[in-house]
Amino acid sequence: MMRVESGHIVLKRLRFHAFHGVMPQERRVGADFLVTLRLGYDLTRAMQTDDVSDTLNYAEVYRVVQEEMEKPSALLEHVAGRIADAVLRQFPDVQSIDLELMKQNPPMGADCEGAGVELHLINDKTPE
């Protein structure tokens, strides 16, 4: 008998053109961003049933990320926090979130692929 120790739904390097940044130019012209999500989720049932209703629909997760990326913010930390919060509100069975949000070609005078933030969050379902 096989036991699933952990399972994850992964959306890798989702591309968005969005208007996040501190500088007025960033808010006007926008920039390209990459979002990667690794969502802890119990995949046991879906492995057995082959039924999409027994797993996390990644198209619906993408829609949530897209909605948050469309709201301009000064700080990537704020955007990442909003994405994580929205995912957990929409999909309460998500056990954990690893989220990477990278701005490509950031305006900081450096030759680099990007700059951004990474979050690791646990869905603490304990009652308050």
Side-chain angles (χ1 to χ4, degrees):
M1 173 129 174
M2 181 172 49
R3 181 177 69 82
V4 177
E5 186 171 299
S6 67
H8 296 87
I9 300 290
V10 179
L11 284 80
K12 196 170 201 165
R13 298 175 58 91
L14 303 173
R15 297 177 197 283
F16 297 96
H17 187 82
F19 299 88
H20 309 307
V22 175
M23 308 297 287
Q25 170 100 359
E26 295 176 286
R27 300 296 276 279
R28 202 169 37 252
V29 176
D32 294 325
F33 295 85
L34 296 174
V35 177
T36 296
L37 286 173
R38 186 171 185 260
L39 306 174
Y41 197 83
D42 185 355
L43 302 175
T44 307
R45 196 154 160 69
M47 289 170 59
Q48 298 164 351
T49 66
D50 197 29
D51 186 336
V52 72
S53 67
D54 289 330
T55 190
L56 191 60
N57 184 322
Y58 50 80
E60 292 177 14
V61 174
Y62 173 79
R63 182 188 48 75
V64 170
V65 175
Q66 182 179 35
E67 286 174 5
E68 293 305 323
M69 287 299 292
E70 290 174 353
K71 301 173 188 171
S73 293
L75 299 179
L76 296 184
E77 292 87 343
H78 185 70
V79 180
R82 278 199 337 258
I83 291 170
D85 186 57
V87 167
L88 288 178
R89 271 190 321 219
Q90 288 276 0
F91 311 102
D93 290 336
V94 167
Q95 300 160 351
S96 64
I97 298 176
D98 289 297
L99 186 155
E100 179 182 272
L101 172 57
M102 299 295 292
K103 179 183 282 190
Q104 296 185 291
N105 303 310
M108 60 184 205
D111 182 12
C112 68
E113 286 185 17
V117 297
E118 290 184 7
L119 297 177
H120 175 69
L121 303 154
I122 301 295
N123 189 359
D124 183 4
K125 299 174 185 170
T126 57
E128 294 184 21

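Computed from a predicted model, the values in this text were never measured in an experiment.
Remark: H20 NE2 to E77 CD distance equals 12.0 Å, nearest 0.5 Å. Note that the OH atom of Y58 and the CZ atom of R63 stand 15.5 Å from one another [nearest 0.5 Å]. Note that the OG1 atom of T36 and the CG atom of L14 stand 6.5 Å from one another [nearest 0.5 Å]. Atom CD of Q90 sits about 10.5 Å away from atom CG of D85, to the nearest 0.5 Å. We find the CE-CZ distance between M69 and F19 to be 10.5 Å, quoted to the nearest 0.5 Å. Separating the OG atom in S53 from the CZ atom in R45 is a distance of 7.5 Å, to the nearest 0.5 Å.
Inter-residue side-chain proximity for L88 and I97 is flagged as met; some heavy-atom pair is nearer than 4.5 Å. Under the 4.5 Å side-chain criterion, counting only non-hydrogen atoms from C-beta, L121 is not in contact with L99. Between D32 and R15, every side-chain heavy-atom pair lies at or beyond the 4.5 Å cut-off. In this structure the side chain of T55 never reaches within 4.5 angstrom of the side chain of T49, judged on heavy atoms. Between L37 and V65 the shortest side-chain heavy-atom distance falls below 4.5 Å.
With sequence neighbours left out, D42 forms a salt bridge (charged side-chain N to carboxylate O under 4.0 Å, His left out) with no residue at all. Residues passing the salt bridge (charged side-chain N to carboxylate O under 4.0 Å, His left out) test with E60: none are found, sequence neighbours excluded.
In the hydrophobic cluster analysis, where Ile, Leu, Val, Met, Phe, Trp and Tyr join through side-chain heavy atoms closer than 4.5 angstrom, V94 is grouped together with I9. Using a 4.5 Å cut-off between side-chain heavy atoms of Ile, Leu, Val, Met, Phe, Trp and Tyr, with links allowed through other members, Y41 and V35 fall into the same hydrophobic cluster. Residue M102 is not grouped with residue F33 when hydrophobic side chains (ILVMFWY) are merged at heavy-atom distances under 4.5 angstrom, including chains of intermediate members. L101 and V64 end up in the same hydrophobic cluster when Ile, Leu, Val, Met, Phe, Trp and Tyr side chains are linked at under 4.5 Å. Both V87 and V117 belong to a common hydrophobic cluster when Ile, Leu, Val, Met, Phe, Trp and Tyr are linked at side-chain heavy-atom distances under 4.5 angstrom.
Sparse packing is recorded around CG of D50, with 12 or fewer heavy atoms of other residues, nucleotides or ligands lying under 6.0 Å away. Heavy-atom neighbours of E113 CD from other residues, nucleotides or ligands within 6.0 Å: at or below the threshold of 12.
With hydrogens and angles disregarded, no donor-acceptor distance shorter than 3.5 Å links the side chain of N123 to the backbone of D93. Remark: the backbone N or O of V22 is paired with a side-chain donor or acceptor of E26 at under 3.5 angstrom. A donor-acceptor pair is defined here as one N or O able to donate and one able to accept, closer than 3.5 Å; no such pair exists between the side chain of R38 and the backbone of D98. When atom types are taken as modelled, the side chain of R82 and the backbone of S73 share no donor-acceptor pair closer than 3.5 angstrom.
A pairwise comparison of heavy atoms in L76 and A115 identifies CD1-O, 3.9 Å as the closest pair.
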